[in-house]
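To start, the structure under review is shown below, and the notes come after it.
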Amino acid sequence: NAGVTQTPKFQVLKTGQSMTLQCAQDMNHNSMYWYRQDPGMGLRLIYYSASEGTTDKGEVPNGYNVSRLNKREFSLRLESAAPSQTSVYFCASKDVVRETQYFGPGTRLLVL
Amino acid sequence: AQSVTQLDSQVPVFEEAPVELRCNYSSSVSVYLFWYVQYPNQGLQLLLKYLSGSTLVESINGFEAEFNKSQTSFHLRKPSVHISDTAEYFCAVTPFTGFQKLVFGTGTRLLVSP
């Protein structure tokens, strides 16, 4: 039982390049989330998916797209990376019975 | 909408001293409250939560938090900290109803020194 896994762990991009951050959970949760963490700003919600086949914008969606590929997987795509997207990205899934989100280890992204 | 305020960005303490990390929230509807902990270079882990019932909740490693509805606060306390408690602590809230998105505070870095 791996919980929430994220790949890659680290990535360096040049401005304008694209990439996809992968997230998978093996806890059979319906709800999944993508956050970004920046110093002094806590975690901010980028996109979320309440269930397979649905996605919705969070607080800071500009410059990102998501895909809920199936119940397990929820990917985040940067189509044209910008230096402002340098951040640590966390994926999470939610146990609605326990009202608890479980977080992955994060992806550190540097955009030059 | 909800908002969470953690006024202290950093709290330095000596080992075995008591500590309190402050959290205040604002919401027009009833909320659930959480404390998450983030150890260096790791993801967030749930430390404790208040959903209903007793307003004092405890974690397995000695932390406790008390929900105070009149003061809209959920401060985190520990009577005696260890070096291993050095981490960043995030307070978060989510509304009872609707699709429940977590709203986080900006975090408090607890630095425990010998």
Side-chain angles (χ1 to χ4, degrees), chain A residues 2-10 21 23-25 27 29-51 54-61 66 68 87-109, chain B residues 1-11 21-26 30-53 57 59-60 67 74 76 87-109:
Chain A
V4 179
T5 57
Q6 292 183 237
T7 56
K9 285 185 170 49
F10 305 95
L21 283 66
C23 173
Q25 53 95 5
M27 296 174 282
H29 294 160
N30 284 317
S31 304
M32 297 185 73
Y33 307 79
W34 275 106
Y35 297 90
R36 59 177 289 172
Q37 182 180 26
D38 302 291
M41 302 191 75
L43 275 78
R44 293 180 292 168
L45 183 64
I46 305 171
Y47 271 93
Y48 65 96
S49 171
S51 62
T54 68
T55 60
D56 283 288
K57 294 179 181 179
E59 185 184 351
V60 289
V66 291
R68 183 74 183 267
S87 188
V88 182
Y89 291 87
F90 289 100
C91 177
S93 68
K94 181 176 172 179
D95 180 334
V96 296
V97 173
R98 292 182 173 83
E99 191 57 54
T100 298
Q101 288 194 21
Y102 295 88
F103 286 79
T107 294
R108 294 180 182 275
L109 177 65
Chain B
Q2 291 74 44
S3 67
V4 177
T5 301
Q6 293 181 250
L7 285 175
D8 303 308
S9 60
Q10 192 165 288
V11 173
L21 307 184
R22 295 179 293 167
C23 172
N24 289 88
Y25 70 93
S26 173
S30 296
V31 294
Y32 298 128
L33 300 115
F34 306 83
W35 277 99
Y36 279 82
V37 59
Q38 184 180 30
Y39 297 104
N41 299 312
Q42 294 187 25
L44 279 73
Q45 304 170 34
L46 180 69
L47 185 62
L48 45 77
K49 61 188 176 187
Y50 172 75
L51 303 183
S52 65
V57 290
S59 71
I60 57 172
F67 170 49
F74 191 54
L76 182 69
E88 189 148 22
Y89 293 79
F90 292 93
C91 183
V93 301
T94 190
F96 279 4
T97 58
F99 185 73
Q100 297 156 323
K101 295 179 282 185
L102 271 176
V103 175
F104 286 90
T106 52
T108 298
R109 189 172 299 277

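Just so you know, these numbers come straight off a predicted model, no measurement behind them. Just so we're on the same page: letters track the sequence lines, and every chain starts at 1. Values below: every heavy atom of this structure, side chains too, minus hydrogens, waters and symmetry copies.
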- prompt: Of the backbone (N, CA, C, O) and the side chain (C-beta and beyond), which part of B/Gln6 lies under 4.5 Å from a heavy atom of chain A, both, or neither?
  reply: neither
task: Against chain A, label B/Leu44 side chain, backbone, both or neither, depending on which of its atoms sit under 4.5 Å from a heavy atom there.
output: both
message: Only pairs of heavy atoms separated by less than 4.5 Å count here; which of A/Arg44, A/Gln37, A/Met41, A/Glu59 has the most with chain B?
response: A/Gln37
- request: Count the heavy-atom pairs under 4.5 Å between each of A/Arg98, A/Gln6, A/Glu99, A/Arg108 and chain B, then report the option with the highest count.
  value: A/Glu99
Distance from [X] atom [atom1] to [Y] atom [atom2], nearest 0.5 Å?
X       : Y        : atom1 : atom2 : value
B/Leu46 : A/Phe103 : CG    : CZ    : 9.5 Å
B/Leu51 : A/Thr100 : CG    : OG1   : 7.0 Å
B/Gln38 : A/Phe90  : CD    : CZ    : 4.5 Å

query: Can you say whether A/Leu45 sits under 4.5 Å from chain B via the side chain, the backbone, both, or neither, judging by heavy atoms?
result: side chain
task: Please state whether the side chain, the backbone, both or neither of A/Tyr35 comes within less than 4.5 Å of a heavy atom of chain B.
output: side chain
Residue pair B/Lys101 / A/Tyr48: nearest heavy atoms and the distance that separates them: CD-CE2, 3.5 Å
- prompt: Heavy atoms, side chains only, cut-off 4.5 Å: are B/Leu102 and A/Gln101 in contact?
  reply: yes
